[in-house]
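Just so we're clear, the structure is a prediction, and the values are computed from it rather than from any experiment.
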Amino acid sequence: MTRIPVGGAGFRAYDVLVGRGLLARAGELCAPFARGRVVVVTDETVAALHGPAVLGSLEAAGLKARLVAVPPGEGSKSFAELERVLDRMLAAGLDRSDLVVALGGGVVGDLAGLAAALFMRGIDFVQVPTTLLAQVDSSVGGKTAIDTPRGKNLVGAFHQPRLVIADIDALATLPPRQLRSGWAEVLKHGLICDADLFDWLGGEGAAGAAGDAAALEQAVTRSVQIKAEVVGDDERESGRRALLNLGHTFGHALEAELGFGEALTHGEAVAVGCAMAFRFSAAQGLCDPAEAERAERGIAAAGLPTRLAQAGTFAADALIRRMAGDKKAEGGRLTLILAHGIGRAFVARAVDAAAVRAFLIAEGAAG
């Protein structure tokens, strides 16, 4: 097991544990943060796969555990499900000394984390991510949120977990598409600030995208180290942390236009968005076109989409409106994460919307 510390001047430090067989140790690992009662928030699919083992471990550690399951999918990041989870927490008699455990993917982590942030003005929670995307990205850093019809993650709070438990064995239950979606976030970390990681992912490490446990453990560990370093410097995304959104402004716009459905997973949207960010950077003379082509090849080699047409049919003006409403936009001006090359991402503020619109049309969006 690898222990990766996360901490900064503005928040209490915690550890991310990466290893195998950790779900069976959930009770032992969570016990220091709970005095008695635990509500495990999960989804119905994960409840069937991992719920009994985690509940059994918690109870063996002397904790009174109750499971709350929500429907699987992005649709559960809603006001209705948030209200239901909070009501179940109240019904369980939780108080400020008790604990919420988020068992599942990014949807569960975001929803349970926000519920923990709101309950009695904030109680402790532990992230137990069971998808690759959640292990390398959403479980670390304290972002919690739900979606609205106007956009993704627009209602939320920063609420750091007390612990993150990333069990590599849990990834063996993932369908190939979900595993690839998580791989997009790993590739993103290489594209942002670690060219060696990006090259490894396209070479020896490529086995991880197909489920090899050793490669996955190495990929998760390095990704968490990168995210921990960035989050420790900038908890609330006022500076460097924004780099972690490479591909997300384009990607979130695609997801919102498609209604956050199953047609495009979050990881697939990020993959397309990263490729688009590099192509836009090249179109603006900010990076060598060969670097944009290299980024696109690396993403496509993992079986991920890189082109707008692979995601759906879109109108340029509709995408611009979505992008202008993104959390990173300021004063209605577009903020994008662009790149000078592999591993050299930067924050570009006040980007010309007309240039982005022309780029989107060149990419295949309707004018």
Side-chain angles (χ1 to χ4, degrees), residues 1-8 10-42 46 50-51 53-68 85 89 94-117 119 122-144 157-171 217 220-232 235:
M1 181 176 71
T2 302
R3 186 181 298 267
I4 303 164
V6 182
F11 62 92
R12 178 176 53 197
Y14 56 93
D15 289 332
V16 180
L17 308 179
V18 181
R20 303 186 67 177
L22 299 185
L23 290 184
R25 298 175 57 190
E28 163 203 344
L29 298 170
C30 290
F33 310 108
R35 297 196 180 108
R37 285 166 296 193
V38 179
V39 164
V40 179
V41 181
T42 187
V46 177
H50 304 301
V54 171
L55 287 176
S57 179
L58 291 167
E59 289 164 359
L63 301 170
K64 296 177 182 177
R66 177 178 295 191
L67 188 143
V68 177
V85 169
M89 289 164 64
L94 263 63
D95 60 36
R96 286 180 175 173
S97 69
D98 294 322
L99 184 71
V100 173
V101 171
L103 173 66
V107 168
V108 165
D110 279 0
L111 176 65
L114 182 56
F119 190 83
I123 65 171
D124 288 341
F125 84 113
V126 170
Q127 288 271 21
V128 187
T130 59
T131 67
L132 179 58
L133 193 150
Q135 289 188 2
V136 302
D137 186 56
S138 60
S139 67
V140 181
K143 282 187 176 181
T144 72
F158 287 95
H159 189 53
Q160 299 290 344
R162 294 303 307 272
L163 181 71
V164 179
I165 303 169
D167 189 341
I168 300 301
D169 289 340
L171 305 182
E217 186 165 0
V220 171
T221 300
R222 180 59 187 140
S223 286
V224 171
Q225 288 170 340
I226 289 171
K227 186 152 191 186
E229 179 186 348
V230 174
V231 168
E235 181 196 13

Could you measure the distance from the [atom1] atom of [X] to the [atom2] atom of [Y]? Nearest 0.5 Å is fine.
X      : Y      : atom1 : atom2 : answer
Leu171 : Thr131 : CG    : OG1   : 7.5 Å
Ser223 : Ile4   : OG    : CD1   : 9.5 Å
Thr130 : Gln135 : OG1   : CD    : 7.5 Å
Ile226 : Thr221 : CD1   : OG1   : 11.5 Å
Arg66  : Glu59  : CZ    : CD    : 11.5 Å
Leu114 : His159 : CG    : NE2   : 9.5 Å

Closest approach of [X] to [Y] (non-hydrogen atoms, all atoms of both residues):
X      : Y      : value
Ala228 : Pro5   : CB-O, 3.7 Å
Ser138 : Gly106 : OG-CA, 3.4 Å
Thr42  : Leu103 : OG1-O, 2.7 Å
Ala102 : Gly109 : CB-CA, 3.9 Å
Ala157 : Thr144 : O-OG1, 2.8 Å

If we ignore hydrogens and angles and just use 3.5 Å, is the side chain of [X] paired with the main-chain N or O of [Y] as donor and acceptor?
X      : Y      : result
Asp169 : Arg20  : no
Asp15  : Leu163 : no
Ser139 : Ala134 : yes
Gln160 : Gly141 : yes

Is the closest side-chain heavy-atom distance between [X] and [Y] below 4.5 Å?
X      : Y      : value
Ile123 : Met89  : yes
Val108 : Val46  : no
Tyr14  : Val6   : yes
Leu94  : Val100 : yes
Arg25  : Leu17  : no
Val136 : Lys227 : no

Pair up each side-chain donor or acceptor in residues 30-37 with any protein partner under 3.5 Å, not counting sequence neighbours, and list the distances.
unit_1: Arg37; atom_1: NE; unit_2: Asp98; atom_2: OD2; d: 3.1
unit_1: Arg37; atom_1: NH1; unit_2: Gly93; atom_2: O; d: 2.7
unit_1: Arg37; atom_1: NH2; unit_2: Gly93; atom_2: O; d: 3.2
unit_1: Arg37; atom_1: NH2; unit_2: Asp95; atom_2: OD2; d: 3.0
unit_1: Arg37; atom_1: NH2; unit_2: Asp98; atom_2: OD2; d: 3.2

Show the numbers, then the answer: is there a side chain to side chain contact (heavy atoms under 4.5 Å, CB included) between Arg162 and Phe125? CA-CA 6 Å; Arg162 294 303 307 272; Phe125 84 113; over 6 Å; no

